[in-house]
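One structure is given here, and the rest of the page talks about it.
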Amino acid sequence: MSIYFDNSATTKPLPEVARLVYETLIGEESFGNPGSLHRLGVLAEKNLNDSLDKISKLLSCKREELYFTSCGSESVNTSILGYMHLNPRAGKKVISTRTEHKASLESLERLAKEGYEICYLPVDKDGKPVLQALSDAIDENTALLTFTHVNNETGSILPLQEIIEIRNKKNRNTRIHLDCVQSLGKLPIQLSRMGVDMASFSGHKIHALKGSGLLFIKSGVRVAPLILGGGQQRGMRSGTQSPYLASAFALALEKALEDLDGNLTRMTALRDEFASCLKTLGAEILSPSDALPYVLNVSFPSFQSETMLHCLEEKEIFVSTVSACSSKTKQVSYVLTEMGIRREIASNAVRFSFSRFNTKEELDQTIESIREIYDRYKV
């Protein structure tokens with residue numbers, strides 16, 4: 001049996017999700033277009049709305065504040081570009097960091113080319129924005145703050161409440177977008193109480209399906225759509241909607257939240273034991289001590305990251321080096337570089353990203369495999 005530790009890249013769909021999708025696709029009356037007026041269309045629209053109702057309750061927001069997208073990246077793009085383009089009077093300045101996901105960074109690069117001012121805050125050794133720098137940077141021209149809730153490479157958790165307090169003190173009109181792709185289903189998310197204006201999510205990171213994303217836009221916040229056409233989803237995101245992707249997302253989210261606290265406690269214990277064992281082998285832990293336990297970034301002395309990745313792959317253990325969106329460039333992680341980690345250490349970094357289904361036996365087997373790799377290959 002293989003061991004899969006690349007859950008930040010994607011997760012295996014739940015068996016319940018797979019069954020639901022299969023039964024939906026083969027159903028005689030489940031293939032209708034939600035925009036059609038006949039019975040099949042009405043049924044499809046009902047299924048879509050049922051999923052929205054469930055998700056809105058689970059995330060503590062209004063149904064009309066949610067929009068289905070194709071992925072987390074589309075949700076991020078829509079939030080950043082759509083808000084700035086439709087609200088010129090809010091200001092021309094956006095504040096972020098250089099450790100964000102590429103979906104955010106490339107959106108910000110586009111805005112910079114259009115004449116917007118992009119302010120990148122430094123991050124500390126734990127990958128968190130330097131709060132004093134944020135306080136110094138926010139002014140009356142700051143329209144948007146955009147940050148990642150949990151970093152996909154290190155598991156670093158954003159100090160959201162401190163950021164909101166600084167925003168409230170310096171400019172309450174500044175909106176906040178939060179990339180929640182890696183935190184959904186792992187940390188509590190109650191949108192009505194979090195103090196954010198926009199949030200982005202992805203289905204395939206919570207054991208749903210690829211091709212499904214979600215966008216939260218708080219009531220009263222104006223965002224320009226990226227996709228135009230038939231005016232679906234109240235004109236915010238045109239294109240024929242997929243009831244089966246929506247229901248898969250809703251089911252996967254419901255399952256992820258059934259024992260969120262228990263899973264977090266269990267994974268913290270497993271992560272800590274795993275990290276301790278890795279240290280005895282000489283590895284250096286790069287993730288901060290208070291990181292989300294589902295992500296552990298580790299540097300292996302004497303092994304380039306890709307070498308260790310393929311050595312583990314030979315033993316049917318699947319990990320990653322950097323974000324899946326950047327993995328084929330074979331560059332050292334820009335996230336680790338921004339954290340001040342030396343290049344020779346960052347070039348040996350491997351990311352283990354877990355799901356709630358990973359077990360102690362899998363972690364123990366991985367430690368034994370790494371020990372064997374060192375015994376065989378280390379000079």
Side-chain angles (χ1 to χ4, degrees), residues 8-9 66-123 127 129 134 137-138 141-153 156 158 160 163 167 173-184 196-205 211-218 221-228 233 236-239 322-329 331 333-335 337-338:
S8 286
L66 295 177
Y67 304 89
F68 288 114
T69 65
S70 64
C71 58
S73 291
E74 183 192 330
S75 298
V76 169
N77 290 179
T78 302
S79 298
I80 296 173
L81 297 174
Y83 181 75
M84 294 305 295
H85 288 161
L86 197 59
N87 296 277
R89 294 183 180 179
K92 298 279 286 184
K93 186 175 184 178
V94 183
I95 298 176
S96 189
T97 75
R98 295 190 184 276
T99 61
E100 307 301 312
H101 188 275
K102 285 291 187 180
S104 294
L105 293 177
E106 294 192 17
S107 295
L108 295 174
E109 288 175 12
R110 177 177 293 185
L111 288 176
K113 292 176 181 177
E114 296 173 0
Y116 292 88
E117 178 187 359
I118 311 300
C119 175
Y120 294 102
L121 303 177
V123 297
L134 173 63
I138 296 182
N141 193 44
T142 305
L144 180 67
L145 309 181
T146 179
F147 296 113
T148 302
H149 198 192
V150 171
N151 186 273
N152 64 314
E153 291 191 29
S156 179
L158 186 76
L160 178 60
I163 287 172
R167 188 278 308 269
N173 293 323
T174 299
R175 301 294 188 178
I176 298 176
H177 164 252
L178 197 62
D179 177 349
C180 296
V181 167
Q182 296 295 338
S183 58
L184 184 64
V196 301
D197 302 286
M198 293 163 281
S200 303
F201 306 94
S202 176
H204 75 102
K205 304 299 175 78
S212 61
L214 191 70
L215 171 61
F216 163 77
I217 303 175
K218 185 178 178 180
V221 176
R222 302 189 321 134
V223 175
L226 289 189
I227 299 177
L228 306 175
Q233 301 196 71
M236 189 62 238
R237 204 275 187 182
S238 291
V322 296
S323 166
C325 298
S326 306
S327 61
K328 294 184 180 179
T329 63
Q331 295 178 347
S333 164
Y334 64 86
V335 172
T337 300
E338 288 292 322

Compute whether any side-chain donor of one residue and acceptor of the other, for Q182 and H101, lie under 3.5 angstrom apart.
no

What I want to check is whether the side chains of T142 and T174 have a donor and an acceptor closer together than 3.5 Å.
no

Can you name the one residue among L178, T148, V150, D179 that meets side chain to side chain contact (heavy atoms under 4.5 Å, CB included) with L158?
L178

Checking side chain to side chain contact (heavy atoms under 4.5 Å, CB included) between E100 and each of N152, L105, N151, which is the one that passes?
L105

Closest approach of [X] to [Y] (non-hydrogen atoms, all atoms of both residues):
X: F201; Y: C180; result: CE2-CB, 3.4 Å
X: S73; Y: A103; result: OG-CB, 3.6 Å
X: P129; Y: L121; result: CB-CD1, 4.1 Å
X: S104; Y: V76; result: OG-CG1, 3.3 Å
X: A112; Y: I118; result: CB-CG1, 3.9 Å
X: R222; Y: L86; result: NH2-O, 2.7 Å

Look at the side chain of [X] and the backbone N and O of [Y], then say whether any donor-acceptor pair between them is shorter than 3.5 Å.
X: N77; Y: L226; value: no
X: K205; Y: S8; value: yes
X: E117; Y: V94; value: no

Does the side chain to side chain donor-acceptor pair (under 3.5 Å) test come out yes or no for E338 and T99, once each step is laid out?
CA-CA 7 Å; E338 288 292 322; T99 61; over 6 Å; no

[atom1] of [X] to [atom2] of [Y]: how many Å apart, nearest 0.5 Å?
X: L81; Y: S107; atom1: CG; atom2: OG; answer: 4.5 Å
X: H85; Y: T78; atom1: NE2; atom2: OG1; answer: 11.5 Å
X: I227; Y: T69; atom1: CD1; atom2: OG1; answer: 8.5 Å

Working note: S212 + H204, criterion side chain to side chain donor-acceptor pair (under 3.5 Å); need CA distance, chi angles, decisive distance, verdict.
CA-CA 7 Å; S212 61; H204 75 102; over 6 Å; no

Y67 six-ring face occupied by R237 cation (under 6.0 Å, within 45°):
no

